[in-house]
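Quick notes on the structure that follows.
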Protein chains: 2
Amino acid sequence: MARPRTFDESVVLEAAAAQFRVHGFADTSTEQLCEAADVRRSSLYNAFTSKDELFVRALDHYASTMRARQESILTDTSLSGAERLRKLIDAIIEEERVARAEGHAAGCMGVHTLMNPGLRARDERIARILDRDLRERLGLLEDTIRAGRADGSVPDGPPAGEGALLINTIISGIRVAAQTGVTPDILHRIALDGLRSLLG
Amino acid sequence: MARPRTFDESVVLEAAAAQFRVHGFADTSTEQLCEAADVRRSSLYNAFTSKDELFVRALDHYASTMRARQESILTDTSLSGAERLRKLIDAIIEEERVARAEGHAAGCMGVHTLMNPGLRARDERIARILDRDLRERLGLLEDTIRAGRADGSVPDGPPAGEGALLINTIISGIRVAAQTGVTPDILHRIALDGLRSLLG
DNA sequence: GCCTTTCTGTATTTCAGAATCCAAAACTTG
DNA sequence: CAAGTTTTGGATTCTGAAATACAGAAAGGC
């Protein structure tokens with residue numbers, strides 16, 4: 001009954017996330033966002049009321065898709081617990097490899113946002129999104145560690161909850177290290193070194 | 001021969017660093033900086049030509065003092081290599097504990113800056129400061145691991161260079177995890193779990 | 001005690017970039 | 001195919017914050 005949008009909302013969100021990820025919130029202008037998404041300014045403002053709002057939506061979208069990707073690895077019952085964890089690490093290193101190939105050494109929008117306190121202050125939804133994302137990912141990791149202990153692929157070690165935190169910490173550390181130019185294959189070895197208490 | 005400054009430059013740099021660390025570069029106004037340092041705007045601009053410049057100087061100052069602190073731990077020959085590494089971890093956790101007590105969960109200006117690509121783009125000196133800081137810290141860590149292997153306190157494991165990267169990665173990960181509200185004592189356990197391949 | 005230099009405080013300017021406005025276009029449906 | 005509604009493009013306005021200007025004050029040397 002009315003003119004339909006010519007752009008796909010989630011495509012815009014992904015383009016926006018890519019910009020925010022590479023340049024950060026403050027250093028991404030609305031013009032850049034328009035250009036990246038190939039959408040005119042009024043369309044953007046019409047669909048997403050403000051830059052802040054667009055950021056929140058982009059972050060949410062980004063966190064969901066990323067998490068879904070990790071979830072599909074960690075719940076793949078055709079693999080042992082340990083294999084799933086290793087595969088997760090592989091996938092993360094692969095992300096960094098791709099980012100590297102694309103020029104920007106930029107890792108993860110989640111870590112970026114987390115390390116930018118001003119952003120969280122800007123909208124309480126941001127903290128909520130990050131919190132929820134963290135909780136869900138930790139839960140998945142914990143379940144996988146437990147599954148690995150049950151199927152015998154993961155040796156005894158720290159409690160599963162603590163192990164989940166360890167994996168998450170290592171992943172964050174890897175994201176940071178990637179920014180300093182460490183090559184993906186070295187990142188991979190470091191990740192496995194760090195997980196020795198879990199994976200042996 | 002002329003009126004001397006009433007403020008101490010390094011005190012201003014420390015106050016500025018504290019603000020930048022807690023609020024981030026973009027979300028710290030020059031007014032906040034003046035207030036935090038208790039210096040009037042013109043004095044600030046007179047001493048440090050711009051907000052950007054002040055940031056660079058503050059970062060440099062911050063990195064140097066932080067590094068010196070770590071260096072004094074890592075070169076304390078009254079301790080074994082392993083003891084020095086453990087003490088470094090203790091010191092970092094302690095920093096997070098203090099930050100936590102002060103309200104802001106904020107960790108490290110270095111990691112903040114590293115994870116904010118727009119900042120590095122703003123001034124090439126920033127990348128230089130971070131690079132140099134990283135190189136020096138990795139060197140110290142590597143030396144300490146070697147010393148620990150020589151004195152028998154650090155068991156065989158990954159090559160010293162890789163070990164240094166691991167420690168650094170864990171520290172970064174801890175800085176990030178601290179932002180999510182993990183308590184200092186849990187952070188401590190995670191750090192030691194992650195260093196198992198080095199410290200046993 | 002005067003003179004030079006640098007500092008201080010406030011008011012003002014400037015500017016980048018976010019957000020709004022409006023007229024025209026595009027599409028759907030009855 | 002006409003009506004009604006939403007989208008679109010471009011120009012414009014608005015805003016917040018960085019930076020500057022300038023007058024007056026404070027210190028030190030001579």
Side-chain angles (χ1 to χ4, degrees), chain A residues 1-59 112-113 116-123 125-126, chain B residues 1-13 15-59 113 116-123 125-126:
Chain A
M1 192 219 219
R3 177 177 177 180
R5 290 215 172 120
T6 57
F7 60 87
D8 180 349
E9 203 156 277
S10 69
V11 168
V12 172
L13 289 177
E14 275 150 37
Q19 291 297 310
F20 285 135
R21 202 167 60 127
V22 175
H23 303 110
F25 178 80
D27 293 304
T28 302
S29 69
T30 55
E31 196 164 343
Q32 276 173 273
L33 290 168
C34 293
E35 197 149 325
D38 193 32
V39 161
R40 256 34 62 191
R41 173 124 59 286
S42 355
S43 307
L44 206 79
Y45 273 90
N46 182 45
F48 315 90
T49 41
S50 68
K51 187 185 173 186
D52 286 48
E53 199 68 23
L54 176 57
F55 180 83
V56 173
R57 302 266 324 260
L59 177 64
H112 283 208
T113 307
N116 199 331
L119 272 180
R120 273 178 296 168
R122 188 175 240 100
D123 190 319
R125 280 173 298 170
I126 292 178
Chain B
M1 187 216 224
R3 179 177 178 181
R5 288 214 172 119
T6 58
F7 59 86
D8 180 348
E9 203 157 276
S10 70
V11 169
V12 173
L13 289 177
Q19 291 298 308
F20 285 135
R21 202 166 60 126
V22 175
H23 302 109
F25 178 81
D27 293 303
T28 302
S29 70
T30 55
E31 197 165 344
Q32 276 174 272
L33 291 168
C34 293
E35 198 150 325
D38 192 31
V39 160
R40 257 32 64 191
R41 171 131 52 279
S42 353
S43 309
L44 206 79
Y45 273 91
N46 182 45
F48 315 90
T49 42
S50 69
K51 187 184 174 187
D52 286 48
E53 200 67 23
L54 177 57
F55 181 83
V56 172
R57 302 264 328 257
L59 177 65
T113 307
N116 200 331
L119 273 180
R120 273 177 295 167
R122 189 176 240 100
D123 191 319
R125 281 173 298 171
I126 294 179

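This one's a predicted model, so the numbers in the text were calculated from it and none came from an experiment. Throughout, a chain's letter reflects where its sequence line sits, starting with A, and its residues are numbered from 1.
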Query raised in the report: Just to confirm, is there a sub-4.0 Å distance from OP1 or OP2 of C/dG9 to any side-chain nitrogen or oxygen of B/R40?
Result: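 Indeed, a polar side-chain atom of B/R40 lies that close.
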Expressed in angstrom and rounded to an integer, what is the separation of [X] atom [atom1] from [N] atom [atom2]?
X	N	atom1	atom2	value
B/N46	D/dA26	CG	P	17 Å
A/E35	C/dG17	CD	P	14 Å
A/Q32	C/dG17	CD	C1'	11 Å
A/L44	C/dG17	CG	P	16 Å
A/F48	C/dT20	CZ	P	16 Å
A/F7	D/dT6	CZ	P	14 Å
B/L33	D/dA17	CG	P	12 Å

Query - Contact check, side chains of A/L33 and A/L54, non-hydrogen atoms, under 4.5 Å - result: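 Heavy-atom side-chain distance check passes, below 4.5 Å.
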Query - OG1-CG distance between A/T49 and A/L44, expressed to the nearest 0.5 angstrom - result: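 It comes to 10.0 Å.
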Query raised in the report: If you measure from OH on A/Y45 to CD on A/E53, what distance do you get to the nearest 0.5 Å?
Result: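 Answer rounded to 0.5 Å: 11.5 Å.
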Query raised in the report: Quick check: does any side chain N or O of A/Q32 sit under 3.5 Å from a backbone N or O of A/S29, one acting as donor and the other as acceptor?
Result: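 Yes.
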Report task. Assess A/K51 against A/F20: is NZ or CZ under 6.0 Å from the centre of the six-membered ring, and within 45 degrees of the ring's axis? Result ->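 Verdict for A/F20: no cation-pi partner in A/K51.
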Query raised in the report: Are there more than 12 heavy atoms of other residues, nucleotides or ligands under 6.0 Å from atom CD of B/E9?
Result: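 Count over threshold, so yes.
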Do any N or O atoms of the protein come closer than 3.5 Å to N or O atoms of nucleotides 18-21 of chain D, and which pairs are they?
from   : atom 1 : to    : atom 2 : distance (Å)
D/dA18 : OP1    : B/K51 : NZ     : 3.1
D/dA18 : OP2    : B/T30 : N      : 3.1
D/dA18 : OP2    : B/T30 : OG1    : 3.0
D/dA19 : OP2    : B/Y45 : OH     : 2.9
D/dA19 : OP2    : B/K51 : N      : 3.0

